[in-house]
Structure formats: structure tokens, C-alpha cells
Engineer: 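Could you have a look at this structure, given as C-alpha cells, before my questions?
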Amino acid sequence: MRALVWHGKEDIRCDTVSDPEIEHPRDAIIKVTSCAICGSDLHLFHNLVPAMLPGDIMGHEAMGEVVEVGSAAKNKLKKGDRVVIPFTIQCGECDQCRRGNFSVCQRTNRKGDLGDKAFGHRTAGLFGYTHLTGGYPGGQAEYLRVPFADTTHVKVPEGIDDEKLLFLSDILPTGWQAAVQTDVQPGDTVAIWGCGPVGQMAIRSAILLGAEQVIAIDCLPERLSMAAAAGAITIDFEKESVVGRLNELTSGEGPHRCIDAVGTESHVSFGQPDTLVDRAKQMMMLENDRPHVLREMIYVCRPAGVISIIGVYLGLVDKIPMGQAMNKGLTFRMAQAHVPRWTGDLLRRIEDGQIDPSFVITHKADLSKGPEMYAKFRDKADGCIKVMLQP
């Protein structure tokens, strides 16, 4: 089969690799009909996570048709079922899964010893996302083996296009969780840093959850235009003071809820000196991430407010103003998305027409064009916000 394969820093190739096979009775094999490139795939593309090996198959946003089912999964799946595959692999049986904390499933990371060393305690297995999370082949391929397939799937109906359903795999529930975990209340102002695909979903989620005012912060015109189309007030941080504008929009009190949909790779700018320091530290291997957004949120958030971190961080950050956070009484909530916790509700909202996630797709291409689409997505060229690939 064809698959997008990691060969090193900024070296993704469309290779011919072996077809996946059933390896465990709970496995299933799906024929991928659609997949996508995620912003967090760029962290691997840039080799910011030192746990990829040449030959690893990329991708954690995929859907398709079941073509083979292991004996222990036949009570939940059958050949021909149309499914979206969550990026988190969940057993459905451990203590964390029973609590709905699927992204920290205790059983699915098959290289859990690495996860224990890196994180203190292992997290769930993830598709196509380094050997710290199991080293599972990803979904940017013609076929995908789904371990724990009886619990790691979302059945979806016929008659709805892939474009509307594919993002149940990651960015729609991720953006939804970003908003939900702020505990949005009527009358609240929600500020969202980063208007990439997850940020766009968080914007629409905050509006659906009843926020009175949603403010979106970015510098790319295409992203800001998309945010404004949803009803957000936009701030271009290259042209305006984020702190000044947020204070102006909140009568000097700051937003009630702040969402970090940027994570490790904050934009580097001469207008934001801390980002230059962070970049220098990264280059000298003194820091993993560029946490400018996190610092800015802590500074501007209203006392007793909530900070929701859904952008991916990879390791160590520096100069975080914990004194400000503690004395202001801020609440922090963060996680990789617990996808199955949200998909039932979100699928109903898609069916009811409350949300159509396909709005975020700016580019479609054949899987063979994946390497060049990675470069286009990295460079934000041609107004690229979200890439959908079809094998």
C-alpha cells in the first residue's frame, strides 16, 4: 500500500509499504477513504519530538471502511462499517477509560516504559505519533490497523460526506474540549490564541456553548477572516497590542476564559522579545517549547479565570509567571482530547446542522501529493489552513 512515511527532519515521502494485518483478536483493518494533516504533525515534521524513527507512518486523523475484523471485535464491528478513528487508542476497560479520560488510557501504549520515563506515567497509545505513545503506524495511508478496534472507533452513517465527519477523529472534539473545560458561562468573554484548525473549532464551540463574546488572536489574514465569519472579534497581534485590545474589549477586566490553541511553536517576532529568547534557547537545546501564548494568557486573564491548554506542548518551558497565576487565582485545565467523550454529542450536532466542520478545509489532494502538502501547510502558502488527503 501507499503511505506517508517519516524519513527524518522535513523529509516525508509517499512510499510503498507492507499492508497491515490483524495482529490481535481486538484488531480491525480499515480501508482509509480520507485522512488529514494536523498541526501537531508539523512537530514531527520539524523533528521536535525525538522519538520518531525512519519508516514510521504518519497521521492520526483518518476514517474509512472496515475490511477485516478480529474475532474479539466482531461484536462491535463488521465488514463494511463506516467508521471514524479517534487519534487516541482506548481499551475501554482501565480505570482512566471508565472515568472518561481516554487520552490517558493505561493499557494501549505498547511502549509504556518509554512513556513512564518521559512523563512519569504513561499516556494512551496514539496513531502515528512517536514511540513515546506506542509507535503505532498512522492513518496517512491506504489501510490502517486499528488496535482495540471494538472501542477505538466512531460509527458514522451513510449519506454524510467524509468532509463533515473526518474531523471527529481529532480537531472537532479537541476544539470542543478546549471550550468545555473552560466552563463557559452566559455573559463570558472567551479569548482564543491561535486560529488554526483547532482554534477555529474552539471558536465555534465557545459560541455554541453560550459565550457572549469570543475573541480570536492570530496574524494570518485567512485565519482571521475565517474566525470573523464565525462571529468572533479578531485581533492581529502583528498590528495591535493583544493585552491592550483585550483590556479595551473587556472594560479593563480581562477575559473570563482563555484558550491556548497554539502550544509549542508560538510565532517568533521582533515585537515579542520573549519569543526571540525562546527560539534561541530552543536552538541551544535549553528549552523545548516557545510558551509566549501561555505567558500572555496568564498576564491578561481575569482574576479567578480559567486557562485551557489544548495546543500541544512537548517538554520544558521557561519563565512562566507562576506568581501571577497563583495570586490571581487562575485555574488551569489541559489534556490531549478525550475524543470518545464528545463524539456522540458532536455527531448529533453535525446531523442536526448545528456545525459543519468541513468549513476549515482549504486544500484537498491525493495521498501521493502528501509530501508537498506538508510543505505547503508548514509555510501557510496559498492560504493553507487545513489539508484533506484521499488515498
Engineer: Let's go through Val83 and Val154 carefully: what are the C-alpha distance in whole Å and the side-chain angles of both, what is the deciding distance for side-chain contact (heavy atoms from CB on, under 4.5 Å) to 0.1 Å, and is it a yes or a no?
Structural biologist: CA-CA 5 Å; Val83 292; Val154 181; over 6 Å; no
Engineer: Counting distance only, does the side-chain N/O of Asp56 pair as donor-acceptor with the main-chain N or O of Leu53 below 3.5 Å?
Structural biologist: yes
Engineer: Are any side-chain N or O atoms of Gln106 and backbone N or O atoms of Asp95, one a donor and one an acceptor, separated by less than 3.5 Å?
Structural biologist: yes
Engineer: Donor-acceptor pair, Asp260 side chain versus Gly311 backbone, under 3.5 Å?
Structural biologist: no
Engineer: Decide whether His292 and Thr275 meet the rule of one side-chain donor and one side-chain acceptor closer than 3.5 Å.
Structural biologist: no
Engineer: Is there a donor-acceptor pair under 3.5 Å between the side chain of Asp188 and the backbone N or O of Val190?
Structural biologist: no
Engineer: List in chain and number order the residues that pass side-chain contact (heavy atoms from CB on, under 4.5 Å) with Ile320, two or more places apart in sequence or in another chain; answer none if no residue qualifies.
Structural biologist: Pro291, Leu294, Arg295, Ile298, Val317, Met322
Engineer: Using the salt bridge (Lys or Arg N to Asp or Glu O under 4.0 Å) rule, collect all pairs that involve residues 309-328, keeping only residues at least two apart or in two chains.
Structural biologist: Lys281-Asp318
Engineer: Could you work out, with side-chain contact (heavy atoms from CB on, under 4.5 Å) as the rule, every residue matching Lys380, not counting sequence neighbours?
Structural biologist: Leu42, Leu220, Arg223
Engineer: Atom OG1 in Thr123, atom NE2 in His121: separation rounded to 0.5 Å?
Structural biologist: 12.0 Å
Engineer: Please report the shortest heavy-atom distance between Ala261 and Gly194, naming the atom on each side.
Structural biologist: CB-O, 3.9 Å
Engineer: I'd like to know if the side chain of Arg257 reaches the main chain of Thr182, judged simply by a donor and an acceptor atom lying under 3.5 Å from each other, with no hydrogens or angles considered.
Structural biologist: yes
Engineer: Measuring from Lys164:NZ to Ile361:CD1, what's the distance to the nearest 0.5 Å?
Structural biologist: 11.0 Å
Engineer: Among all residues two or more places apart in sequence or in another chain, which pass the salt bridge (charged side-chain N to carboxylate O under 4.0 Å, His left out) test with Arg26?
Structural biologist: Glu93, Asp150
Engineer: Please check if any side-chain donor atom of Thr189 sits under 3.5 Å from a side-chain acceptor atom of Gln213, or the reverse.
Structural biologist: yes
Engineer: Any ring-ring contact (aromatic ring centres under 6.0 Å, His included) involving residues 15-52? Give me the pairs, sequence neighbours left out, ordered by first then second residue.
Structural biologist: Phe45-Tyr374
Engineer: Measure the shortest side-chain to side-chain distance between Trp176 and Asp345 over non-hydrogen atoms and say whether it is less than 4.5 angstrom.
Structural biologist: yes
Engineer: Measuring from Cys35:SG to Leu166:CG, what's the distance to the nearest 0.5 Å?
Structural biologist: 7.5 Å
Engineer: Pairs under 3.5 angstrom only: tabulate donor-acceptor contacts from the side chains of residues 201-210 to other protein residues two or more places apart or in another chain.
Structural biologist:
from	atom 1	to	atom 2	distance (Å)
Arg204	NH1	Gln200	O	3.2
Arg204	NH1	Gln200	OE1	3.1
Arg204	NH2	Met226	O	3.0
Ser205	OG	Met201	O	2.7

Engineer: Are Gln282 and Arg279 linked by a side-chain donor-acceptor pair shorter than 3.5 Å?
Structural biologist: yes
Engineer: Distance-only, no hydrogens or angles: does the Thr133 side chain make a donor-acceptor pair with backbone N or O of Tyr129 under 3.5 Å?
Structural biologist: yes
Engineer: What distance do Cys219 atom SG and Glu238 atom CD have between them, rounded to the nearest 0.5 Å?
Structural biologist: 4.0 Å
Engineer: Is there a side-chain contact between Gln336 and Val104 in this structure, where contact means two heavy atoms from C-beta onward sitting under 4.5 Å apart?
Structural biologist: no
Engineer: Which pairs with one or both residues in residues 122-131 pass salt bridge (Lys or Arg N to Asp or Glu O under 4.0 Å), sequence neighbours excluded?
Structural biologist: Asp113-Arg122, Asp116-Arg122
Engineer: Measure the spacing between CZ of Arg341 and SG of Cys97 and express it to the nearest 0.5 Å.
Structural biologist: 11.0 Å
Engineer: Taking ring-ring contact (aromatic ring centres under 6.0 Å, His included) as the cut-off, I'd like each qualifying pair that reaches into residues 73-118, sequence neighbours left out, listed once.
Structural biologist: His60-Phe87
Engineer: Glu253: what forms a salt bridge (charged side-chain N to carboxylate O under 4.0 Å, His left out) with it, not counting sequence neighbours?
Structural biologist: Arg302
Engineer: Closer than 3.5 angstrom, by distance alone: can the side chain of Thr108 be matched with the main-chain N or O of Ala124 as a donor-acceptor pair?
Structural biologist: no
Engineer: With sequence neighbours excluded, give me every ring-ring contact (aromatic ring centres under 6.0 Å, His included) pair touching residues 236-281.
Structural biologist: Phe237-His267
Engineer: What pairs of residues pass the ring-ring contact (aromatic ring centres under 6.0 Å, His included) test when at least one of them lies in residues 136-172, not counting sequence neighbours?
Structural biologist: none
Engineer: Any side-chain heavy atom of Thr264 sitting closer than 4.5 Å to one from Asn288?
Structural biologist: no
Engineer: Scan residues 27-38 for pairs that pass side chain to side chain donor-acceptor pair (under 3.5 Å), counting only residues two or more places apart or in two chains.
Structural biologist: Asp27-Arg145, Thr33-Asp162, Ser34-Asp162
Engineer: Salt bridge or not for Arg348 and Glu351, using N-O below 4.0 Å?
Structural biologist: no
Engineer: When rounded to the nearest 0.5 angstrom, what distance separates CG in Leu346 from CG in Leu172?
Structural biologist: 4.5 Å
Engineer: Taking the side chain as every heavy atom from C-beta outward, state whether Val242 and Leu246 have any pair of such atoms under 4.5 Å apart.
Structural biologist: yes
Engineer: Are Arg82 and Glu65 within salt-bridge range, i.e. N to O under 4.0 Å?
Structural biologist: no
Engineer: Donor-acceptor pair, Asp352 side chain versus Gln354 backbone, under 3.5 Å?
Structural biologist: no
Engineer: Does any non-hydrogen side-chain atom of Cys384 lie less than 4.5 Å from one of Lys376?
Structural biologist: yes
Engineer: Between Ala227 and Thr234, which heavy-atom pair has the shortest distance, and what is it?
Structural biologist: CB-CG2, 4.2 Å
Engineer: Given the rule in the side-chain contact (heavy atoms from CB on, under 4.5 Å) test, do Val268 and Asp278 qualify, once you have shown the distances and angles that lead to the verdict?
Structural biologist: CA-CA 9 Å; Val268 178; Asp278 285 334; over 6 Å; no
Engineer: Can you tell whether the side chains of Arg378 and Glu265 come within less than 4.0 Å, N to carboxylate O?
Structural biologist: no
Engineer: Give the minimum heavy-atom separation between Phe332 and Ile309, together with the two atoms involved.
Structural biologist: CD2-CD1, 4.2 Å
Engineer: Output, in order, the C-alpha distance, side-chain angles, deciding distance and verdict of side-chain contact (heavy atoms from CB on, under 4.5 Å) for Ile192 and Ile215.
Structural biologist: CA-CA 6 Å; Ile192 298 169; Ile215 304 168; over 6 Å; no
Engineer: Checking side-chain contact (heavy atoms from CB on, under 4.5 Å) between Lys155 and each of Leu77, Val84, Thr343, Val66, which is the one that passes?
Structural biologist: Leu77
Engineer: Does any donor atom in the side chain of Gln140 or Asp41 lie under 3.5 Å from an acceptor atom in the other side chain?
Structural biologist: yes
Engineer: If I compare all heavy atoms of Cys91 with all of Cys94, which pair ends up nearest, and what's the gap?
Structural biologist: SG-N, 3.2 Å
Engineer: Flag the pair Lys9 and Asp11 as a salt bridge only when some basic side-chain nitrogen lies within less than 4.0 angstrom of an acidic carboxylate oxygen.
Structural biologist: no
Engineer: Report yes or no: does Asn327 contribute a side-chain atom to a donor-acceptor pair with the main-chain N or O of Gln324 at less than 3.5 Å?
Structural biologist: no
Engineer: Starting from the C-alpha separation in whole Å, work towards a yes-or-no answer on side-chain contact (heavy atoms from CB on, under 4.5 Å) for Ile29 and Ile22.
Structural biologist: CA-CA 7 Å; Ile29 307 295; Ile22 296 288; 3.9 Å; yes
Engineer: Distance-only, no hydrogens or angles: does the Thr362 side chain make a donor-acceptor pair with backbone N or O of Ile385 under 3.5 Å?
Structural biologist: yes
Engineer: Can you confirm whether the side chains of Gln181 and Ser308 place a donor and an acceptor under 3.5 Å from each other?
Structural biologist: yes
